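Model, not experiment: these values are computed from the prediction. This chain uses plain numbering: 1 for the first residue, then up along the sequence.
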Amino acid sequence: MRRRGGGGSAPRLPLLLLALAVAVAACWAGRADGHGAHPLSRISIHRARVALDASAAVRASPDLLGSRGEDTAWVTVEFKIPRASDGDWIGVFSPSNFNASTCPGSHGSGPGPAICSAPIKYQFANYSSAYNKSGKGALRFQLINQRQDFSLALFTGGLSNPTLVAVSNRIAFANPKAPVYPRLALGKTWNEMTVTWTSGYGTSEAHPFVQWGMKGSSPVHAPADTVTFGRESLCGEPARSVGWRDPGFIHTAFLKNLSPEKEYYYRIGHMLHDGKVIWGKPKSFRAPPYPGQKSLQRVVIFGDMGKDERDGSNEYQNYQPASLNTTDALIRDLDNTDMVFHIGDISYANGYLSQWDQFTQQVGPITSRVPYMLASGNHERDFPNSGSLYNGTDSGGECGVPAEAMYYAPTEKRVNYWYAMDYGMFRFCVADSEHDWREGTEQYRFLDRCLGSVDRARQPWLVFIAHRVLGYSSGFFYGYDGAFAEPMARRSLEGLWRRHRVDVAFYGHVHQYERTCPVYQERCVPDGRGTVHVVVGGGGSHLSNFTAVAPPWSVYREMDYGFGKLTASDARSLQFEYRRSSDGKVYDSFTLHRD
């Protein structure tokens with residue numbers, strides 16, 4: 001194998017040292033990943049007081065949203081207060097009744113909190129010009145259909161000591177229960193596509209299904225499975241307290257026996273008991289190629305994107321500043337994309353469950369047209385004593401439950417987020433870096449099978465994927481102690497990559513771009529004797545620093561936002577491009593050649 005484009009074994013660490021190294025790495029990762037707190041966690045909502053002021057007012061318009069079936073709507077909020085200050089803010093709450101009566105359980109002998117749920121989003125009142133002088137202002141919010149009604153509230157006292165002084169009129173979508181945000185994913189066989197979506201309809205109220213067929217043929221119906229989850233399914237705060245919001249119902253239908261690379265149309269729907277059908281919007285997708293099929297196959301890979309707000313709410317530009325840039329760049333190039341891998345740190349909801357709806361709406365134009373495949377990251381899974389390999393709190397008490405419910409993946413077990421996937425000339429082996437991957441574990445045995453069971457004559461391109469860097473990275477918090485990866489990762493896995501001749505390995509977690517030479521045991525080696533390792537963690541969250549000096553195996557590194565793209569058209573060459581999110585242009589590339 002030839003590649004064109006731009007020292008010794010890993011140390012043996014005792015388990016105690018591994019635990020220490022993991023803890024230190026988690027600390028550095030937390031600093032890099034956190035970049036301050038989640039925007040909604042800045043609000044001390046459990047400390048909020050209610051002191052309604054008759055001279056303050058909030059008015060939202062229009063009252064009725066989505067009257068023509070829209071899933072999003074812009075709302076204008078007008079407000080006034082006698083004495084304005086820089087700390088005043090407007091929060092969007094859903095459901096509209098968010099007072100103490102909605103708080104779960106008993107508060108004992110004390111009065112308990114006045115408000116038990118965080119807002120979906122917020123803006124400071126002084127975003128409206130002249131507010132501080134006049135005490136009057138107007139702001140615009142973009143709302144999405146999230147199954148319940150809304151109200152907007154005016155608070156004084158800043159985010160740390162909020163006092164509720166006025167609440168708006170109730171506003172709602174015409175059908176809050178409508179099916180929304182379809183999400184495609186490949187099934188457990190190459191000729192199966194899954195469609196997942198969210199609605200407010202339980203199975204006792206309506207029958208969920210997908211109407212689908214090949215273009216030019218009569219449609220058929222595929223029934224959908226339905227799941228949901230409650231607070232008790234989650235493992236900690238804030239997901240079980242102020243971050244909780246009812247997730248509605250998540251439906252998944254399985255479209256089977258697809259013809260390779262044919263165009264199909266589909267439409268999600270719910271049949272009510274009276275026979276009326278509530279439809280989603282019509283969509284289409286292209287069926288995947290069969291294993292070994294030689295055709296043009298284009299796969300986008302990135303991690304750590306998160307979400308942002310198009311209306312400027314939540315000061316999200318300080319948390320995931322390039323999320324919308326990446327999303328929009330992918331949408332612009334969608335006609336040239338066949339599949340997307342988002343390899344961990346998906347929505348960065350961090351226990352604020354309303355943000356999962358926000359994320360699914362943001363990426364909806366992508367997920368409704370091409371398969372959107374996930375890997376599990378620390379911000380989906382990690383929480384102390386929850387079964388994760390790492391004991392950080394990055395998931396905010398979610399412990400993987402929302403991610404596993406909201407997005408389908410062809411895993412052997414739902415809680416073990418590792419899987420194999422065949423796509424034309426590719427075999428993808430997706431690891432779950434948040435569960436133990438060391439030699440002797442269940443996941444290690446799976447990876448060995450996945451990497452070793454593919455017929456390379458038919459599927460020449462073998463790709464390994466994980467969220468955390470299990471291979472090579474000169475990101476600062478990996479390089480400061482000389483490990484340049486998760487502790488013990490290469491000791492456990494590098495032999496697998498070498499034995500099974502893995503072509504490329506992709507990672508997120510470090511918010512930057514970097515690629516290596518074909519490398520084995522920290523040395524560049526001839527093509528075909530090592531694996532090219534690529535970090536594509538610059539999907540949208542704040543950027544991470546590199547070490548001051550690049551290691552010899554680091555060929556290209558860039559501290560910017562972007563995503564990777566694999567393109568194969570035959571069994572002889574595989575092209576990779578790194579594109580910046582800001583303009584979609586190629587800034588690094590390489591090509592693997594197979595003789």
Side-chain angles (χ1 to χ4, degrees), residues 1-13 17-18 21 24-25 28-29 32 301 303 343 431 433 437 462-538 543-560 562 564 566 574-578 580 586-594:
M1 183 171 68
R2 305 191 306 276
R3 180 189 59 86
R4 185 175 64 211
S9 300
R12 295 178 62 87
L13 296 177
L17 183 56
L18 170 64
V24 173
W28 281 107
I301 306 180
I343 57 174
S433 64
W437 29 256
L462 185 54
V463 180
F464 177 88
I465 288 174
H467 174 64
R468 292 177 187 261
V469 179
L470 304 182
Y472 292 84
S473 165
S474 63
F476 180 76
F477 64 84
Y478 278 134
Y480 80 99
D481 65 351
F484 294 105
E486 291 293 328
M488 292 185 70
R490 292 198 300 272
R491 173 185 169 188
S492 295
L493 298 172
E494 197 159 30
L496 283 183
W497 301 328
R498 177 72 174 266
R499 182 163 71 251
H500 298 304
R501 297 180 295 121
V502 172
D503 294 302
V504 192
F506 289 98
Y507 314 99
H509 198 55
V510 190
H511 303 165
Q512 55 196 211
Y513 169 73
E514 183 175 22
R515 75 169 167 96
T516 72
C517 58
V519 59
Y520 179 66
Q521 294 186 342
E522 301 183 41
R523 289 193 177 98
C524 293
V525 296
D527 294 340
R529 298 186 180 181
T531 299
V532 178
H533 296 261
V534 184
V535 176
V536 281
L543 295 170
S544 307
N545 292 317
F546 287 103
T547 56
V549 178
W553 40 258
S554 181
V555 174
Y556 188 99
R557 57 185 197 171
E558 179 173 281
M559 191 174 165
D560 207 335
L566 288 169
L574 174 64
Q575 182 187 55
F576 172 81
E577 298 173 329
Y578 162 69
R580 286 184 190 166
V586 177
Y587 286 83
D588 182 41
S589 65
F590 66 87
T591 303
L592 299 179
H593 291 276
R594 195 171 297 284

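In terms of the side chain to side chain donor-acceptor pair (under 3.5 Å) criterion, residue partners of Thr547 (sequence neighbours excluded) are, by chain and number, Arg557. Remark: Arg501 engages no residue in a side chain to side chain donor-acceptor pair (under 3.5 Å) (not counting sequence neighbours). Residues satisfying the side-chain contact (heavy atoms from CB on, under 4.5 Å) criterion with Ala489, sequence neighbours excluded, are Trp437, Leu470, Glu486. Contacts of Glu514 classified as side chain to side chain donor-acceptor pair (under 3.5 Å), with partners at least two apart in sequence or in another chain: Ser474, Ser554. Partners of Glu558 according to the side chain to side chain donor-acceptor pair (under 3.5 Å) rule, which considers only residues two or more places apart in sequence or in another chain, are Tyr556, Tyr578, Arg580. Remark: Arg499 pairs with Asp448 by the salt bridge (charged side-chain N to carboxylate O under 4.0 Å, His left out) rule, at least two apart or across chains. In this structure, the ring-ring contact (aromatic ring centres under 6.0 Å, His included) partners of Phe464, at least two apart in sequence or on a different chain, are Trp497.
The aromatic rings of Phe506 and Phe576 sit tilted, their planes meeting at an angle between 30° and 60°.
Counting only heavy atoms from C-beta outward, the side chains of Tyr507 and Ser473 never approach each other to under 4.5 Å. When side chains are defined from C-beta on, Arg498 does not count as touching Gln521, because their heavy atoms never get closer than 4.5 Å. Using a 4.5 Å heavy-atom threshold, the side chains of Phe477 and Val510 count as touching. At least one side-chain heavy atom of Leu574 sits under 4.5 Å from a side-chain heavy atom of Leu566. Between Val536 and Tyr513 there is a side-chain heavy-atom pair separated by less than 4.5 Å. Pro518 is listed as a side-chain neighbour of Val532, based on a closest heavy-atom distance under 4.5 Å. Contact of the Phe590 side chain with the Val534 side chain is registered, since non-hydrogen atoms from C-beta on lie closer than 4.5 Å.
The two residues His533 and Tyr472 make their nearest non-hydrogen contact at CD2-CD1, 3.6 Å. In plain terms, the two heavy atoms of His509 and Tyr478 that are nearest each other are CD2-OH, 3.2 Å. Between Phe546 and Gln512, the closest heavy-atom pair is CE2-OE1, 2.9 Å. Between Gly471 and Ala485, the closest heavy-atom pair is O-CB, 3.2 Å.
Atoms CD1 and OG, from Ile465 and Ser433 in turn, are 12.0 Å apart once rounded to the nearest 0.5 Å. Atoms CZ and SG, on Arg523 and Cys517 in that order, are 12.0 Å from each other to the nearest 0.5 Å. Distance CD/Glu577 to OG1/Thr591: 8.5 Å, rounded to 0.5 Å.
For the pair Asp503 (side chain) and Leu462 (backbone), a donor-acceptor distance under 3.5 Å is present.
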